[in-house]
There are 2 protein chains.
Amino acid sequence: MPKRAPSDTSQTADVRERIMETASALFYEMGARAVGVDLVVARAGVAKTSLYRYFRTKDDLVAAFLQREDEDFWAKWDSVAAQHPGAPLQQLEAHCDWIGERLARPGYRGCPQLNIAAEFSDETHPARQVAIAHKAELRARLESLIAEMGIQPASRAAGQIALLINGAFVSAQILEPDEAAGLLKQAVKAILNAQAPKGKA
Amino acid sequence: MPKRAPSDTSQTADVRERIMETASALFYEMGARAVGVDLVVARAGVAKTSLYRYFRTKDDLVAAFLQREDEDFWAKWDSVAAQHPGAPLQQLEAHCDWIGERLARPGYRGCPQLNIAAEFSDETHPARQVAIAHKAELRARLESLIAEMGIQPASRAAGQIALLINGAFVSAQILEPDEAAGLLKQAVKAILNAQAPKGKA
DNA sequence: TCTAAATGATACAGACCTGTCTGTTTTACT
DNA sequence: AGTAAAACAGACAGGTCTGTATCATTTAGA
């Protein structure tokens, strides 16, 4: 008596992919430490042996979750940037817009990278490496955008805006979420205007 | 054979206080979920029964930890503010200074309130209430400082600076820590100048 | 000094966790 | 159709966790 018809519809999805999706949702919603592998496999409708075939340990699964979030984030970033080619200021504003949009989503619970970094203090944890790389990448992308605007030193303004973005991530769940979006955008403008040699806001 | 002489020196400290101090250090350093009560009592040199006499559950101990951090934070805030009576701008700058100093301390691992909020997703968790109240208090204090400066609307600039401060907290452990301090201070100035009707930076 | 409260030491219950093992069933490919 | 890989199902080991129960010991006050 199989619990599900063998060639059921819609469950043709890769087993690995189903595990990833379920684990991602659970880890983000409840925190990685609060979610056991038994819950993941139960929710995913998958055997525990399958999980451990694709992921050596639970820590690896957590790292894979962050890696996936990282890729999704930059894919979105790239697609938004592509809508304003050669216009760094418009790009930055557009990024603030979609990021701000996410902050106001129901169930928003902060930046996954920051949350996992808060949960796992061990510097050598595989997921922490992903988080650090992610934040370095954010910093680098902001810096090149700002350099494109002709603002000097680009590193300083980029760092300030990185502070603002990370601050918006963590503040959205503590303060009113829809407020953070507006604050972020206004503050970014203020930072840019303060540093710009030729202010053309 | 008692492991410690009964009236030993320096251990006359309250049992409850010894538990609080040990738990605070461990929770902050490793994360509350990663620290078991057995580790706390072992480090504190205290019986588990004593812990459960003063704290009904571990969650209560976590909440007490955050409460204590909250009180220490505002005590420091008040003492710094008292050094610049009637000078809100100097106060805000001084706050940026000591906060920036903390970010660069060895072993800095972010804002305890934000870390615990990231670890415990349950909205009803007692510690989460403390964290939310703490961040609301930060926002309120910033707002009154900025209103004192004559900047309108105070709420907006306060929100932007709250974003910056929270961003500095979480970014310090990801980026270079001593950099965050400078970025914070510069960015706060930029925000103030952008909003001030009469800029006297 | 006597007594009551506080503390210590430790075992324990019950639950949960990660990761493995075994054996069966389903899928996919030839 | 036949075969090998993949997936399922479920038990299980070994550990950790929270919270309680038991009993000895120490402290503090009358």
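So that the names make sense, note that chain A is the first sequence line, chain B the second, and so on, each numbered from 1. These values consider heavy atoms only, across backbone and side chains, with no hydrogens, waters or symmetry-generated copies.
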Validation: residues 20-42 of chain B side-chain donor-acceptor distances under 3.5 Å, sequence neighbours left out:
{"unit_1": "B:T22", "atom_1": "OG1", "unit_2": "B:R18", "atom_2": "O", "d": "2.8"}
{"unit_1": "B:S24", "atom_1": "OG", "unit_2": "B:M20", "atom_2": "O", "d": "2.7"}
{"unit_1": "B:Y28", "atom_1": "OH", "unit_2": "B:R109", "atom_2": "N", "d": "2.6"}
{"unit_1": "B:Y28", "atom_1": "OH", "unit_2": "B:G110", "atom_2": "N", "d": "3.2"}
{"unit_1": "B:Y28", "atom_1": "OH", "unit_2": "B:G110", "atom_2": "O", "d": "2.8"}
{"unit_1": "B:R33", "atom_1": "NH1", "unit_2": "B:E119", "atom_2": "O", "d": "2.6"}
{"unit_1": "B:D38", "atom_1": "OD1", "unit_2": "B:K48", "atom_2": "NZ", "d": "3.0"}

Residues 156-165 of chain A, side-chain donor-acceptor partners within the protein, below 3.5 Å, at least two apart:
{"unit_1": "A:Q160", "atom_1": "OE1", "unit_2": "A:Q195", "atom_2": "NE2", "d": "3.1"}
{"unit_1": "A:Q160", "atom_1": "NE2", "unit_2": "B:Q186", "atom_2": "OE1", "d": "3.1"}

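Atom-to-atom, NE2 of A:H125 to C1' of C:dT18 comes out at 13 Å; the value is rounded to the nearest Å. Rounded to whole angstrom, the span from the CZ atom of B:F55 across to the P atom of C:dT7 amounts to 12 Å. With rounding to whole Å, A:E17 atom CD is found 18 Å from D:dA6 atom P. Atom CZ in A:F27 sits roughly 12 Å away from atom P in C:dC17 (whole-Å rounding). Regarding A:I19, its CD1 atom lies at a distance of 12 Å from the C1' atom of D:dC8, rounded to whole Å. The distance between atom CG of B:L51 and atom C1' of C:dA9, rounded to the nearest whole Å, is 15 Å.
Fit an axis to the five pairs at each end of the helix from C:dT1-D:dA30 to C:dT30-D:dA1 and the two axes sit 20° apart, to the nearest 10 degrees.
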For each nucleotide in nucleotides 17-22 of chain D, reading 5' to 3', give B when a protein heavy atom comes within less than 4.0 Å of its base, S when such contact involves only the sugar-phosphate, and - otherwise. -BBBBB

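Of the charged side-chain nitrogens involved, none lies within less than 4.0 Å of a carboxylate oxygen, so that A:E176 and B:R139 do not count as a salt-bridged pair.
Under the rule for a side-chain contact (heavy atoms from CB on, under 4.5 Å), the partners of B:A94 that lie at least two apart in sequence or sit in another chain are B:V80, B:H84.
Summarising the geometry, atom OH belonging to B:Y108 is positioned 7.0 Å from atom CD belonging to B:Q173; distances are rounded to the nearest 0.5 Å. With values rounded to the nearest 0.5 angstrom, A:R141 atom CZ is found 5.0 Å from A:W74 atom CH2.
No donor-acceptor pair under 3.5 Å is formed between the side chain of B:E148 and the backbone N or O of B:E143.
The side chain of A:R18 places an N or O atom within less than 4.0 Å of a non-bridging phosphate oxygen (OP1 or OP2) of D:dC8. For A:R53 and D:dA7, the shortest distance from a side-chain N or O to OP1 or OP2 is below 4.0 Å.
For residues 89-106 of chain B, the set of pairs meeting the salt bridge (charged side-chain N to carboxylate O under 4.0 Å, His left out) definition, not counting sequence neighbours, comprises B:D97-B:K185.
Across all strands, A:Y54 comes closer than 4.0 Å only to sugar-phosphate atoms, never to a base (heavy-atom distances).
In this structure, the side chains of A:R128 and A:D122 stay at 4.5 Å or more apart for every pair of heavy atoms.
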